[in-house]
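Convention: sequence-line order gives letters A, B, ...; per-chain numbering from 1.
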Number of protein chains: 2
Amino acid sequence: MAAKRSSTETRKPRRTVSSPQSAQQRNGEQPLSLQRIVATAVDLLDAEGVDGLTMRRLADRLGAGAMSLYWHVENKEKVFDLALDAALQHRAPPQAALALDWREDVVRQLEDWRVCMLRHPWSASLLPRRALGPNILGRLELLSATLSRAGVADADLNVAIWSLWNYVIGATVTRANFDRSDDDQAAAQKRVTGLNERYPTIERSRLLLDSDWDGTFRKGLDFLIGGLATEGK
Amino acid sequence: MAAKRSSTETRKPRRTVSSPQSAQQRNGEQPLSLQRIVATAVDLLDAEGVDGLTMRRLADRLGAGAMSLYWHVENKEKVFDLALDAALQHRAPPQAALALDWREDVVRQLEDWRVCMLRHPWSASLLPRRALGPNILGRLELLSATLSRAGVADADLNVAIWSLWNYVIGATVTRANFDRSDDDQAAAQKRVTGLNERYPTIERSRLLLDSDWDGTFRKGLDFLIGGLATEGK
DNA sequence: ACCTGAACACCGTTCAAGT
DNA sequence: ACCTGAACACCGTTCAAGT
């Protein structure tokens with residue numbers, strides 16, 4: 001997407017006089033703000049992936065000079081932190097919705113989490129490496145509270161939360177990167193298929209081949225929760 | 001580490017005559033080879049992290065001209081693929097070692113996998129995004145075979161493998177990135193502590209605070225395997 | 001067959017300067 | 001207070017050329 005930038009003709013920098021569109025007027029754009037920067041960063045990441053986010057490109061999308069961002073934001077790193085937490089937007093569900101079996105509650109929360117990350121495929125691989133923003137902490141708190149209410153002792157909570165976290169992160173990061181480019185997927189499958197004689201069990205399991213990602217995610221999660229339920233208290 | 005590069009004096013490119021050390025002689029170095037490139041890339045990644053790997057820097061370490069690598073390797077991407085699989089070096093254990101309880105076998109394999117990745121902290125976050133090389137496939141095959149031998153039906157193998165994979169990846173990628181820089185860790189903990197009143201359950205679980213990573217990994221893994229064992233056949 | 005430097009089109013960030 | 005361009009020290013990769 002994102003119309004190919006017209007080979008920037010910076011030949012004559014005499015914009016002062018007849019510059020056809022100043023930053024402000026170009027869509028009746030608001031002035032720069034942290035909010036606008038973060039929202040645009042998320043869009044850019046959605047459209048172009050992690051490598052596509054560039055301070056210059058981001059500023060361009062905002063109709064701002066290349067260096068203007070640095071007044072609002074410390075770093076490119078900081079932009080990643082903020083975009084990540086924004087992508088994981090989370091509002092706690094109404095109390096009423098929590099009346100079900102706790103297992104079902106946990107599954108719902110984690111499926112929501114996963115869907116959210118899959119909508120922003122760059123987010124999964126960023127999450128474990130970056131600061132934990134309020135949205136992420138909010139999700140963790142809700143998960144913890146659900147487990148605690150279900151009877152998991154405080155001493156076991158740490159393990160339980162991390163196990164579920166690990167599972168969701170691993171599943172989502174893998175999934176997000178496997179179906180991103182069909183080229184890669186085709187190549188990976190071909191490679192797997194090509195080497196099958198050396199990996200007979202992998203072949204029998206049809207690993208990577210018919211991928212009911214959603215069902216697999218759910219089933220594995222059930223196993224994990226089952227383990228937590230029988231031993232976890 | 002890595003002695004600061006002496007501000008490259010490329011002023012006078014008349015190396016032809018008295019260049020004091022040609023590429024070949026500079027440690028009695030062998031000529032370039034894919035093997036040497038990959039090994040050096042792993043070293044560089046270990047020392048400087050993902051962002052520290054640069055084609056130019058890599059060539060420098062090899063005592064080669066900046067562009068020489070491109071004869072042996074297609075891409076920087078390819079270097080990552082090769083370095084990753086090299087870091088996950090795997091030789092199947094002797095059959096005799098597999099006589100134990102299958103649960104114990106699985107735990108051992110996954111702990112070895114994890115330790116291996118923790119030795120090269122950049123590898124965990126790379127693994128889910130890159131091609132599956134022979135070492136990775138070898139590990140997956142061994143895991144599959146162990147599960148299969150334990151009685152997991154072919155139809156359930158896919159879920160079982162992915163669940164374990166997800167858990168190991170998630171756990172390792174998180175761990176590798178949390179204790180990498182003490183600054184970040186301190187900051188993360190401070191942030192968590194600072195926001196505690198809003199996240200009471202997280203506080204009670206002491207999430208992130210006293211981190212017995214190894215024990216937590218093991219316990220969560222036991223839960224997952226327990227779940228697989230009771231429902232997985 | 002193997003290696004090389006110059007060159008191109010990019011990066012993130014500093015800084016002194018504009019309004 | 002907010003925004004800017006020029007400049008610096010880097011990138012990955014192409015290409016025409018050397019041995």
For the pair T54(B) (side chain) and R57(B) (backbone), establish whether a donor and an acceptor sit closer than 3.5 Å, ignoring hydrogens and angles.
no

Main-chain N/O of T201(B) paired with E141(A) side-chain donor or acceptor, under 3.5 Å
yes

Take atom CD of E48(A) and atom C1' of dC11(C), then tell me their distance rounded to the nearest Å.
15 Å

Look at the side chain of M55(B) and decide which nucleotide, out of dG12(D), dT4(D), dT13(C), has an atom nearest to it.
dG12(D)

Over 60° means perpendicular and under 30° means parallel, so classify the ring planes of W113(B) and W165(B), tilted if in between.
perpendicular

Separation of dC10(D) atom P from D60(B) atom CG, nearest Å, is 12 Å

Does D46(B) use its side chain to pair, donor to acceptor, with the backbone of H120(B) at less than 3.5 Å?
no

What's the OH-P distance between Y70(B) and dA7(C), to the nearest Å?
18 Å

Mind checking S68(A) for me? I need base, sugar-phosphate or nothing, with any heavy atom below 4.0 Å counting as a touch.
base

Atom-pair distance (CZ on F80(B); C1' on dC11(D)), nearest Å
13 Å

Would you say N75(B) reaches dG12(D)'s phosphate, i.e. side-chain N/O to OP1/OP2 under 4.0 Å?
no

Nearest-Å distance for atom pair CH2/P, residues W71(A) and dA16(C)
19 Å

Provide, to the nearest angstrom, the distance between the CG atom belonging to L58(B) and the P atom belonging to dT4(C).
13 Å

Round to the nearest Å and state the distance from R56(B) atom CZ to dC3(C) atom P.
19 Å

Using both distances under 3.5 Å as the test, list the Watson-Crick or G-U wobble partner of dC15(C), or none.
dG5(D)

I want to check one thing: is the phosphate of dC10(C), taken as OP1 and OP2, less than 4.0 Å away from some side-chain N or O of R57(A)?
no

Nearest to the side chain of M67(B) - dG12(D), dA6(C), dG12(C)?
dA6(C)

Over how many whole Å does the gap from H72(A) atom NE2 to dA1(D) atom C1' extend?
10 Å

Any cation-pi pair here, R175(B) with F217(B), using under 6.0 Å and within 45°?
no

Could you please name the partner base of dC10(C), counting Watson-Crick and G-U wobble pairs only when both distances are under 3.5 Å?
none

